[in-house]
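Single-structure report; data block below.
What you see below is based on every heavy atom in this structure, not just the backbone, and it leaves out hydrogens, waters and symmetry mates. These figures come from a predicted structure and were not determined experimentally.
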Amino acid sequence: MEHVDAVVVGSGFGGSVAAYRLAEAGRSVVLLERGRAFPPGSFPRSPADMGRAFWDPEAGLHGMYDVWRFGGCDSVVSAGLGGGSLIYANVLLRKDERWFAHEDAHGGHKSWPVTRADLDPHYDAVERMIGAAPYPLDRPPYDDTPKAHALADAAAELGLHATLPPLAISFAPGRGIAPGMGLPLVDAPYGNLHGVPRRTCKLCGECDIGCNEGAKNSLDHTYLSAARFHGADLRTSHEVKAVRPRHGGGYEVDYVVHDPTRDPADDPAGANRRPPVRTITCRRLVLAAGTYGTTFLLLRSREAFPGLSPALGTRFCGNGDLLTFLLRAKDRNRVRPLDASKGPVITTAIRLPDELDGVPGAGRGAYIQDGGYPGFAKWMVEPTLDFSAQMERMVKFMWGRFVEFFKDAPDTNLSAELAELIGDGALTVSSLPLLGMGRDTADGRLSLREGRLNVDWSAETSEAHFERLRRTMRGIADVLGAEYRDNPMWLRKRVITVHPLGGAPMGDHPDEGVCDAFGEVFGFPGLYIADGAAMPGPVGPNPSLTIAAMADRMSTRLLESASAGGNAGNAGAGAGAGPVAGAGPHHGAVGGTAHGSEPGLHGGTGEPSRAEGSGPTSLSFTEEMKGHLAFGVADPRAGELAEGREPLSFRLTITADDVERFLAEPEHTARAEGWIDAAACGGRRPVQRGWFNLFAPGGDENRRLMRYRLFFTDDRGRERTLAGEKNVLHGPPTRIWPDTSTLYVRLLEGHVDGDGPDGGVLGAGVLHIQLTDFARQLTTFRTSGPRGVAALLDFGRFFAGELWEVYGPDLE
């Protein structure tokens with residue numbers, strides 16, 4: 001059985017720091033990370049890739065986002081090499097000195113077992129290593145960031161304190177060099193484990209969906225690259241399932257190895273086959289799988305740890321997270337641009353004082369920060385924020401086209417109509433998400449329910465905190481001439497948190513906490529907790545830096561105790577590799593050539609980038625249709641009306657990889673990806689291969705076909721094909737909507753390229769697209785490539801032109 005000095009579970013802000021510190025000191029270290037590596041350029045952007053960007057290995061999903069839903073809150077955490085640093089908003093704020101306290105059972109305040117003075121040298125070390133730097137708002141082109149100026153103006157008007165917090169972003173290519181956008185980054189002495197070039201921030205607002213430029217100084221580019229340089233063994237797609245003490249000392253760790261390349265739909269016989277459990281042993285075990293992961297592991301393994309503190313599962317909170325929105329900001333009746341998508345996700349922080357600061361009646365301290373989102377998301381955000389206006393524009397567009405069909409000389413130029421349909425974008429330009437966080441009440445509890453993690457937590461006990469945030473955010477809205485809007489989840493007093501904390505809290509003794517002030521678990525020497533689970537309450541500001549500083553402090557204590565007790569188990573792993581002078585990055589100057597990388601951590605899933613102005617332009621959109629299907633029927637119309645018919649639906653992303661070629665080919669063929677939902681086939685099943693034809697010849701000059709051919713496998717491993725057609729026939733304009741929104745489908749046995757014999761038809765039915773789904777479909781059009789806007793217009797002209805050919809009046 002494999003044995004090492006230390007196993008680290010998880011690669012977030014706790015695990016990466018621990019792995020680096022132990023490897024740097026010459027210990028043999030194996031880091032087990034359940035997710036995969038995400039080099040720059042591999043983060044998902046297309047609808048198809050985003051649809052697979054979630055974490056659920058049993059469903060064949062190995063993406064970054066792990067979404068949890070509990071009674072009082074939802075949470076988003078990360079799976080991947082670098083943990084939460086892949087999707088966080090880069091803010092590195094220290095916990096306020098007077099906020100190292102929490103409420104005790106008698107309504108008073110009890111100090112944390114660690115102080116700001118204890119953490120300050122470790123804060124310093126982490127900031128140097130990650131390369132923290134404030135947003136350079138005083139330098140062009142960064143000075144043109146409307147949301148940063150707006151939040152500072154609002155804070156001044158309200159008498160609040162606003163700052164530019166340290167960010168883990170490279171704005172400059174090296175220490176002492178002026179900042180600039182898209183500049184190559186200087187290599188760090190320890191290299192870059194991905195071996196992919198990185199560039200400085202280009203202000204695209206994509207920080208929390210993964211930085212494809214590599215400008216974000218995430219943990220894979222800093223601590224983990226340094227850990228690898230010093231000999232740490234970083235193993236991705238390794239998910240830990242159980243831990244237990246080892247007879248004779250140390251710990252045993254059970255894990256499974258996932259295969260991110262395997263799609264369960266491609267191997268139906270093995271869809272329910274679980275990967276084999278493997279075991280590794282170690283002298284010291286560091287749990288850093290995140291608040292949910294670490295607490296879940298300890299709860300599942302509790303029988304193996306007799307005498308574990310009764311505090312396990314307690315003191316859970318969401319760090320006071322609250323999301324709201326400012327809409328339609330104005331300045332003297334003119335649109336006030338806030339432009340949430342320009343810049344990093346967060347640039348500015350407003351601090352609300354705490355009564356612990358000596359401000360009587362202030363309540364619990366909090367922070368409010370500007371939010372952001374990627375520029376391409378404006379296509380989704382605009383109709384979401386103002387759906388009624390989008391619907392009004394769409395209906396007006398369709399009515400205008402309808403009327404034009406009856407004119408003797410119809411207007412065939414659609415440019416103005418399409419421009420009006422898209423809108424002027426004023427809503428997104430003048431809107432801004434606000435992110436709140438602070439000292440909520442840590443009275444939640446994590447437990448197991450039928451083997452699954454459960455959270456018992458409510459926003460009610462923190463109502464004063466949330467109301468203070470909402471009241472202040474309304475004040476910001478008033479100053480900026482904006483409308484204030486709550487997150488719709490708040491109607492049910494629910495929040496969504498990206499900062500879950502607690503569950504295995506530190507304390508002064510076992511009755512109060514699971515671990516001590518250094519993260520070592522009471523009663524189990526050599527077992528450490530190095531993540532948000534160890535927090536005995538909310539951090540207040542963004543907790544990432546505090547978690548990393550505590551892990552750095554923990555590592556110092558671990559190494560001191562290890563030196564006293566010997567270092568068995570580290571032979572041959574990093575022997576003689578002491579600290580390297582100047583190994584840490586300076587002011588964000590990280591990146592470059594790999595040192596000791598392995599193939600599993602090289603390269604990405606994205607395609608090589610093309611030079612600007614070269615290569616084809618792709619176009620995609622998403623379509624959702626719903627209806628019914630009856631088995632034993634070959635005629636779709638009969639299936640739609642048959643007794644015993646069953647619901648059938650699909651959601652597809654249609655992609656033309658080269659718009660010019662797509663429009664030029666007579667069959668107009670595009671890829672179709674997504675899912676089919678049919679109860680008789682086992683519910684929702686992924687499309688394994690599919691294609692779509694738009695206005696293909698129908699055998700008659702007055703007939704066009706929209707054809708669908710979708711291959712999938714049912715829950716019993718049987719191959720199936722869903723074949724469908726929309727018949728666009730010559731006729732009056734009133735037929736446009738029913739013809740283009742009605743799909744006649746047949747379910748075929750096997751994967752059939754052609755229509756197949758009648759004996760191969762298992763069932764038939766009809767699907768429709770609803771008007772509201774069609775409205776959403778209009779917002780899903782995306783292009784990628786050098787001719788984005790032109791390609792979209794070419795496609796629109798082709799689509800409208802084909803309809804004119806079929807439905808337009810005969811002018812001869």
Side-chain angles (χ1 to χ4, degrees), residues 10-21 77-78 82-100 112 114-135 163-170 207-208 216-224 226 288 290-291 317 319-321 344-349 351 365-367 369 435 437-439 497-502 506 519 529-556 584-588 590:
S11 62
F13 285 94
S16 63
V17 172
Y20 163 67
R21 288 291 311 278
V77 295
S78 180
S85 73
L86 298 176
I87 64 171
Y88 85 136
N90 315 296
V91 177
L92 297 176
L93 281 170
R94 302 189 182 197
K95 181 174 174 64
D96 297 74
E97 184 174 359
R98 296 181 178 87
W99 294 10
F100 281 80
W112 281 28
V114 62
T115 68
R116 170 69 177 264
D118 294 330
L119 289 182
D120 271 338
H122 305 284
Y123 279 136
D124 292 341
V126 174
E127 288 174 346
R128 285 195 301 270
M129 189 69 176
I130 294 182
Y135 187 62
T163 60
L164 298 172
L167 302 176
I169 300 175
S170 291
C207 310
D208 49 9
K216 184 177 189 176
N217 300 338
S218 50
L219 297 168
D220 49 337
H221 297 308
T222 55
Y223 273 103
L224 293 170
T291 290
C317 70
N319 202 48
D321 285 359
V345 169
I346 292 174
T347 65
T348 308
R351 183 183 185 274
Y367 282 82
Q369 299 166 354
L435 310 172
M437 65 198 72
R439 289 205 318 113
T497 177
V498 293
H499 301 136
L501 301 171
M506 62 176 61
I529 298 172
D531 55 25
M535 300 296 109
V539 172
N542 317 65
S544 303
L545 180 63
T546 297
I547 293 171
M550 288 207 179
D552 193 69
R553 182 171 183 263
M554 176 213 75
S555 299
T556 299
H586 299 280
H587 301 286
V590 292

Taking side-chain hydrogen bond (donor to acceptor under 3.5 Å, both in side chains) as the definition, give me every residue that meets it alongside Ser218, ordered by chain and number, with sequence neighbours left out.
Asp220
Taking every heavy atom of Val126 against every heavy atom of Leu545, the minimum-distance pair comes out as CG1-CD1, 3.6 Å
Heavy-atom pair with the smallest gap, counting every atom of Ser170 and Asn217
OG-OD1, 2.8 Å
Looking at side-chain heavy atoms only, is the closest gap between Leu93 and Pro166 below 4.5 Å?
yes
Between Arg553 (side chain only) and Leu119 (backbone N and O only), is there a donor and an acceptor less than 3.5 Å apart?
no
Grab the two heavy atoms, one from Gly438 and one from Pro538, that are nearest each other, plus how far apart they are.
O-CB, 3.6 Å
How far does OG of Ser544 sit from CG of Leu219, to the nearest 0.5 angstrom?
8.5 Å
Donor-acceptor contact present, side-chain Ser11 to main-chain Ser16, <3.5 Å
no
Taking the side chain as everything from C-beta on, heavy atoms only, tell me whether Gln369 gets closer than 4.5 Å to Asn542.
yes
Kindly give the heavy-atom pair with the smallest separation between Tyr123 and Ala549, and that separation in Å.
CD2-CB, 3.6 Å
In terms of heavy-atom contacts, Ala168 and Leu92 come closest through CB-CD1, 3.9 Å
Heavy atoms of Val539 and Met535 approach each other most closely as CG2-SD, 3.9 Å
Can you check whether His499's main-chain N or O pairs, donor with acceptor, with Tyr88's side chain at less than 3.5 Å?
no
Measure the shortest side-chain to side-chain distance between Thr348 and Thr163 over non-hydrogen atoms and say whether it is less than 4.5 angstrom.
no
Quick one: does any side-chain atom of Asn90 pair with a main-chain N or O of Leu167 as donor and acceptor, under 3.5 Å?
no
Show the numbers, then the answer: is there a side-chain contact (heavy atoms from CB on, under 4.5 Å) between Tyr135 and Ile346?
CA-CA 9 Å; Tyr135 187 62; Ile346 292 174; over 6 Å; no
For the residue pair Val17 and Met550, establish whether any side-chain heavy-atom pair is separated by less than 4.5 Å.
no
Any side-chain to backbone donor/acceptor pair from Lys216 onto His221? Under 3.5 Å, distance only.
no
Begin with the C-alpha distance, continue with both residues' side-chain angles, and end with the deciding distance and a verdict on salt bridge (Lys or Arg N to Asp or Glu O under 4.0 Å) for Asp96 and Arg116.
CA-CA 8 Å; Asp96 297 74; Arg116 170 69 177 264; over 6 Å; no
Do the side chains of Asp120 and Arg94 get close enough for a salt bridge, i.e. N-O under 4.0 angstrom?
yes
Look only at the side chain of Lys95 and the backbone of Thr546, and say whether a donor-acceptor pair between them is shorter than 3.5 Å.
no
Whether the side chain of Asp321 engages the backbone of Val498 through a donor-acceptor N/O pair (distance < 3.5 Å, no angle test) should be reported.
yes
Which is it for Asp118 and Thr115 under the side chain to side chain donor-acceptor pair (under 3.5 Å) test, yes or no, and what are the steps along the way?
CA-CA 5 Å; Asp118 294 330; Thr115 68; 3.1 Å; yes
Any donor and acceptor pair, going by atom type alone, linking the side chain of Asn319 with main-chain N or O of Pro541 inside 3.5 Å?
yes
